Amino acid sequence: MTDALIPRQSDATPAAYDAATLAVLAAMEEAAEKHLDAIRPHNTKRGYANDWALWEEFHDWLAERTGQPLPLTAVTKGTLVGFVVWLDTIKAAAPNSIDRRITGVTVTARNEHGIEVPKAATVAARQALKPLKNDPERQARGRGKAAAVTPEQLRQMSAAAASGLTGLRDRALWLMAFGIAGRSAEVAALRADGITLVSNGLDVNVPAVKGRPPRNVVVAYGTNPDTCPVRAWSTWRAAAGITAGPAFLPIDAWGNMGGRALSAEACREIIARSAERAGVAVRLTGHSMRAGFITTSRRAGKREEKIRAQSGHAPNSPAFWGYIREADKWTDAASDDIGL
């Protein structure tokens with residue numbers, strides 16, 4: 001009986017293949033990867049690309065603090081566990097989202113960069129994730145509708161904005177997000193040469209993102225200089241010397257600007273961080289600017305079709321009409337002035 005459990009030498013030792021066989025096997029491996037990539041859903045590919053962009057952002061963040069940039073291909077136990085902690089503490093990501101990010105990074109490392117991530121690294125990362133999944137507050141992250149920012153909160157954020165170039169960028173970014181009723185991905189995709197100063201304000205080309213069509217919108221001068229998107233953009237553009245390329249760029253701890261556009265995740269983080277810095281009572285996200293524009297504009301009496309043209313919502317969008325109902329709920333309320 002025990003002999004049956006002991007592998008024969010031929011079972012335990014890998015077969016030695018000749019060069020021709022190895023070449024065929026290598027070709028089959030490559031063909032298999034191409035086939036799997038071809039049948040992988042587009043949304044999955046896009047998700048993996050976003051995961052890798054976050055991995056790059058994590059490495060930039062890490063380099064700022066250690067002074068030593070690491071290669072992106074260094075997907076190790078230490079870096080992957082650090083990635084989990086960063087997503088949890090800095091990005092406030094939900095545990096299930098972090099789990100998907102681990103998969104996206106490991107798959108991209110293997111398929112795009114030829115790096116086989118050690119099993120010990122992924123096991124350790126998911127060990128670090130396990131207690132986060134048992135935390136109800138963390139599991140609730142990202143659920144529910146984003147709080148709509150108000151003009152009062154925008155003024156609060158403006159008053160508490162950081163000093164220097166970073167503060168000018170942050171203020172311009174979230175006021176532009178509000179002014180165009182933009183998604184974070186749209187704000188990240190804005191280009192300086194697509195934002196034109198005219199007599200009444202700004203003509204803004206909002207690029208196509210995630211399969212949604214581009215749109216051209218106008219952003220009027222605000223009556224309050226502290227929350228005017230036009231003035232904020234003009235000040236940031238002049239200070240940064242931007243004439244073309246990405247509208248919003250990363251800035252390191254020493255005030256040096258990067259050359260590539262901020263990611264959508266970075267835009268969301270800037271908005272959330274600015275609101276927290278200002279002591280805003282509710283947690284604001286990237287979508288808060290979009291929701292806030294729609295409800296604020298509606299309460300100011302703007303027509304639905306004008307608001308939709310700004311936000312890019314489809315005519316039958318449930319999300320859009322939900323914002324409109326929220327804005328209208330106190331207009332001629334059924335319980336108002338009925339003799340109570």
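When reading the values below, keep in mind they use all heavy atoms of this one structure, side chains included, and skip hydrogens, waters and symmetry mates. Computed from a prediction, not measured in an experiment: that's the story for all the values here. The residues of the chain are indexed from 1 along the displayed sequence.
- Between atom CD of residue Glu116 and atom OG1 of residue Thr106 there is a gap of 9.0 Å, rounded to the nearest 0.5 Å.
- The heavy-atom pair separating Leu284 from Ala147 by the smallest distance is CD2-O, 4.0 Å.
- A donor-acceptor contact shorter than 3.5 Å is absent between the side chain of Ser97 and the backbone of Ala93.
- Atom CD1 in Ile294 sits 15.0 Å away from atom NZ in Lys302 (nearest 0.5 Å).
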**side-chain contact (heavy atoms from CB on, under 4.5 Å) between Met176 and Val187, intermediate numbers included** = CA-CA 8 Å; Met176 181 68 78; Val187 175; 5.6 Å; no
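- Here the side chains of Val198 and Leu202 are not in contact, with every heavy-atom distance at 4.5 Å or above.
- Checked for salt-bridge contact, Asp60 and Arg65 miss the test: no charged N lies under 4.0 Å from a carboxylate O.
- A side-chain donor-acceptor contact under 3.5 Å links Ser158 and Arg171.
- Ser297 places no side-chain N or O within 3.5 Å of a backbone atom of Ile307 that could act as its donor or acceptor partner.
- Val209 and Val206 are assigned to two separate hydrophobic clusters, defined by single-linkage of ILVMFWY side chains at heavy-atom distances under 4.5 Å.
- More than 12 heavy atoms of other residues, nucleotides or ligands sit less than 6.0 Å from atom CD of Glu305.
- Through direct or indirect side-chain contacts shorter than 4.5 Å among Ile, Leu, Val, Met, Phe, Trp and Tyr, Leu70 is connected to Trp52, Leu54, Trp55, Phe58, Trp61, Leu62, Leu72, Val75, Leu80, Phe83, Val84, Trp86, Leu87, Ile90, Ile98, Ile102, Val105, Val117, Leu129, Leu132.
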**Request:** Under the side-chain contact (heavy atoms from CB on, under 4.5 Å) rule, what do Arg303 and Arg308 come out as? Steps first, then yes or no, please.
**Result:** CA-CA 9 Å; Arg303 302 195 307 272; Arg308 276 199 303 103; over 6 Å; no
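- Partner of Met157 under the side chain to side chain contact (heavy atoms under 4.5 Å, CB included) criterion, out of Val280, Thr227, Leu175: Val280 alone.
- Following chains of ILVMFWY side-chain contacts shorter than 4.5 Å, one can reach Trp174 starting from Tyr221, so the two form part of one hydrophobic cluster.
- In this structure, Thr79 contributes its side chain and Ala74 its backbone to a donor-acceptor pair below 3.5 Å.
- Contact record, Ala232 with Ala172: O-CB, 3.5 Å, taken as the closest heavy-atom pair.
- Note on ring orientation: taking the six-membered ring where Trp is involved, the planes of Tyr323 and His287 are tilted (angle from 30° to 60°).
- Under the 4.0 Å criterion applied to side-chain N and carboxylate O atoms, Glu186 and Arg215 are assigned as salt-bridge partners.
- By the side chain to side chain donor-acceptor pair (under 3.5 Å) test, Glu304 pairs with Arg298, sequence neighbours left out.
- The shortest heavy-atom contact between Ser234 and Leu197 is OG-CD1, 4.2 Å.
- Legend: residues meeting ring-ring contact (aromatic ring centres under 6.0 Å, His included) with Phe293, ordered by chain and number and at least two apart, are Phe178.
- Taking the side chain as every heavy atom from C-beta outward, Asn200 and Val218 never approach each other to under 4.5 Å.
- Two residues are said to be in side-chain contact when any heavy atoms from C-beta on lie closer than 4.5 Å; Arg110 and Ile115 fail this criterion.
- Side chains of His59 and Pro69 form no contact here, defined as non-hydrogen atoms less than 4.5 Å apart.
- Taking both residues in full, the closest heavy atoms of Ala188 and Ala261 are given as O-CB, 3.8 Å, listed atom of the first, atom of the second, then distance.
- Taking the side chain as every heavy atom from C-beta outward, Asp99 and Lys133 approach each other to under 4.5 Å.
- Remark: Thr296 OG1 to Met289 CE distance equals 10.5 Å, nearest 0.5 Å.
- A donor-acceptor pair under 3.5 Å is absent between the side-chain atoms of Arg191 and the main chain of Ala247, judged by distance alone.
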**Request:** Let me see the working for Arg290 and Ile180 under side-chain contact (heavy atoms from CB on, under 4.5 Å), right down to the final yes or no.
**Result:** CA-CA 8 Å; Arg290 181 169 168 81; Ile180 66 171; over 6 Å; no
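- Using a distance-only test at 3.5 Å, with no hydrogens or angles considered, no donor-acceptor pair links the side chain of Gln310 to the main chain of Ala181.
- A donor-acceptor contact shorter than 3.5 Å is absent between the side chain of Arg138 and the backbone of Pro95.
- Between Glu276 and Arg283 no salt bridge is recorded (no basic side-chain N to carboxylate O distance below 4.0 Å).
- Leu340 belongs to a hydrophobic cluster whose remaining members, ordered by chain and number, are Ile338; membership requires side-chain heavy atoms of ILVMFWY residues under 4.5 Å apart, directly or through intermediates.
- Applying the ring-ring contact (aromatic ring centres under 6.0 Å, His included) test to His313 and every residue at least two apart in sequence or in another chain returns Phe320.
- Between Thr76 and Pro118 the shortest side-chain heavy-atom distance does not fall below 4.5 Å.
- For Asn205, the side-chain contact (heavy atoms from CB on, under 4.5 Å) criterion is met by Pro207, Asn216, not counting sequence neighbours.
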**Message:** As a quick check of understanding, evaluate side-chain hydrogen bond (donor to acceptor under 3.5 Å, both in side chains) for Ser263 and Glu57, giving each step before the final call.
**Reply:** CA-CA 8 Å; Ser263 66; Glu57 189 181 337; 3.2 Å; yes
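- Distance check: Met257 CE to Asp252 CG gives 10.5 Å after rounding to the nearest 0.5 Å.
- We find that Arg231 and Asp226 are not joined by a salt bridge, their nearest charged nitrogen and carboxylate oxygen being 4.0 Å or further apart.
- Note that CG of Asn256 is 9.5 Å distant from CD of Glu64, once rounded to the nearest 0.5 Å.
- In this structure, CG on Leu190 lies 11.0 Å from CG on Leu262, to the nearest 0.5 angstrom.
- Minimum interatomic distance between Lys77 and Ala124 (heavy atoms only, all atoms of both residues): CG-CB, 3.6 Å.
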**Prompt:** Are Arg299 and Asp328 close enough, and set up right, to give a salt bridge (charged side-chain N to carboxylate O under 4.0 Å, His left out), and what steps lead you there?
**Reply:** CA-CA 7 Å; Arg299 287 168 185 155; Asp328 286 350; over 6 Å; no
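- For the pair Arg268 and Glu265, the salt-bridge criterion is met [side-chain N within less than 4.0 Å of a carboxylate O].
- Between the side chain of Trp236 and the backbone N or O of Leu173, no donor-acceptor pair lies under 3.5 Å.
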**Item:** Residues Arg100, Asp51; criterion salt bridge (charged side-chain N to carboxylate O under 4.0 Å, His left out); working and verdict
**Value:** CA-CA 8 Å; Arg100 292 194 302 271; Asp51 297 338; over 6 Å; no
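- Thr21 contributes no side-chain N or O that, together with a main-chain N or O of Tyr17, makes up a donor-acceptor pair within less than 3.5 Å.
- Contact detail for Asp170 and Ser274: the closest heavy-atom pair is CB-OG, 4.2 Å.
- One side chain, Arg126 or Thr103, offers a donor N or O that lies under 3.5 Å from an acceptor on the other.
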